[in-house]
Amino acid sequence: MPELPEVETVRIGLSRFLPGRVIASETHDWPKGFPNADADVQEFLIGAEILGVKRRAKVLIIELSSNYSLVIHLKMTGQLVYVGEGGRFGAGHPSDSLVGQLPDTSTRVTLTCTDGSRLFFNDQRKFGWMRLLPTAEVPNIDFFKKVGPEPLADDFTADDFRERIRKRPNGLIKAVLLDQTVVAGVGNIYADESLWGAKIHPAERVRNIGDSKLNTLFNELRAVLQLSIDKGGSSDKNYVDAEGKRGSYLSFANVFRREGKPCPRHPDTNIIKTRVAGRGTHTCPKCQKEPA
DNA sequence: CACTTGACCTGTCCGC
DNA sequence: TGCGGACAGGTCAAGT
């Protein structure tokens, strides 16, 4: 579920709560998702102070004073929820929250700090993972060696974007956008939203898309990602931020999960849902012309 | 090599 | 109400 804006929203939240806290204990029952040896956990996690929380692509990195880091991928249904010593932080309207009392049946890992606050790693579908690694080795994991540039980085330009996209001339543009080695952090929601913004059909081959369209796509992608971060990400079923709260981006979405509703540009034309590159795909048949 | 498809899991929703 | 099948926001491995 979580794409770049959701993971970034979690990072921002965790950065407010975690630094300075010291990990007192850890429990998990999930050898596949968190396979580190108990001895490493004892030596490098327990007693360590949390220094900071970083993000690269859709991966979170919690840096520890032991010179180790927790590296976490939420995949489709992962959540990282922090519960302060006095209970949940930021308890707003119940409708803001998608999680109840924790731990629950989806809780895979629980970290307890010396002040009694806790961090829960929940993951209903168990696709996510967590690794305790030496901080110096984090950039060397396979995923980071292959992953593309951050689309919101100041030095990432439209020229860079086109150059990377054009290395895959025969690819469907949506499949290329979703490929993490081309650009980091784009998933199904923001692929559909940015392609609608640029009026490009997701099944169009890259070689059939002109430079000006790719430039528009670059601008739309960055705008959509930034807007979603500003709105706290997209919550459909599972995603919540570090306080267990929903994000509101989907109420601003133009096509995603809006099948059967009118296209914002064409009130007389309804959004349709199809399948492109093996993924559910939302388009306006009027402004995104299907390739011949 | 470039591209596509299925597998990994669990839960939910939809049609019969 | 019960049951089977399709589907869900991500990545990899294996297939063509």
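Reminder, nothing fancy here: chain letters follow the sequence lines and each chain counts from 1. From a predicted model like this one, the values you see are computed outputs, not experimental measurements.
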- Task: For the pair A:K213 (side chain) and A:K199 (backbone), establish whether a donor and an acceptor sit closer than 3.5 Å, ignoring hydrogens and angles.
- Result: yes
Classify the nucleic acid contact of [X] as base, sugar-phosphate or nothing, counting any heavy atom under 4.0 Å across all strands shown.
| X | answer |
| --- | --- |
| A:R205 | sugar-phosphate |
| A:F143 | sugar-phosphate |
| A:K167 | nothing |
| A:G171 | sugar-phosphate |

Expressed as a whole number of angstroms, how long is the span from [X]:[atom1] to [N]:[atom2]?
| X | N | atom1 | atom2 | value |
| --- | --- | --- | --- | --- |
| A:L177 | C:dG9 | CG | C1' | 15 Å |
| A:K174 | C:dG9 | NZ | C1' | 10 Å |
| A:N188 | C:dA8 | CG | P | 8 Å |
| A:I141 | C:dC12 | CD1 | C1' | 14 Å |
| A:R56 | C:dG10 | CZ | C1' | 16 Å |
| A:L74 | C:dG9 | CG | P | 16 Å |
| A:F256 | C:dC7 | CZ | P | 14 Å |
| A:R275 | C:dG9 | CZ | P | 8 Å |

- Scan residues 105-115 of chain A for pairs that pass salt bridge (charged side-chain N to carboxylate O under 4.0 Å, His left out), counting only residues two or more places apart or in two chains. A:R21-A:D115
- Output yes when A:E137 and A:R131 qualify as a salt bridge under the 4.0 Å nitrogen-oxygen rule, no when they do not. no
- With a 4.0 Å cut-off, would you call A:D192 and A:R279 a salt bridge? no
Would you check if there is a donor-acceptor pair between the side chains of [Y] and [X] at a distance under 3.5 Å?
| X | Y | answer |
| --- | --- | --- |
| A:S212 | A:N215 | no |
| A:T135 | A:N67 | no |
| A:N170 | A:R207 | yes |
| A:Q226 | A:D230 | yes |

- Query: Which ones in residues 119-133 of chain A lie close to DNA chain B, meaning a heavy atom under 4.0 Å from one of its atoms?
  - Reply: A:Q124, A:R125, A:K126, A:F127
- Residues A:A253 and A:R258: closest non-hydrogen pair is O-CD, 3.1 Å
- Item | Plane angle bin for A:F218 and A:F161 - parallel if under 30°, tilted between 30 and 60°, otherwise perpendicular | tilted
- Query: Can you tell me the Watson-Crick or wobble partner of C:dG2, both distances under 3.5 angstrom?
  - Reply: B:dC16
- Message: Could you tell me the Watson-Crick or G-U partner of B:dT4, where both distances fall under 3.5 Å? Say none if there is no partner.
- Response: C:dA14
Could you work out the separation of [N] and [M] based on their [atom1] atoms and round it to a whole Å?
| N | M | atom1 | answer |
| --- | --- | --- | --- |
| B:dG6 | C:dA6 | C1' | 15 Å |
| C:dG9 | B:dC3 | C1' | 22 Å |
| C:dA14 | B:dC9 | P | 15 Å |

- Does A:H73 have a side-chain nitrogen or oxygen under 4.0 Å from the phosphate oxygens OP1 or OP2 of C:dT11? yes
- Kindly say if A:K58 contacts the phosphate of C:dG10, meaning a side-chain N or O under 4.0 Å from OP1 or OP2. yes
- Task: For DNA chain B, note the earliest and the latest nucleotide, 5' to 3', having some atom under 4.0 Å of a heavy atom belonging to chain A.
- Result: B:dC3 to B:dG11
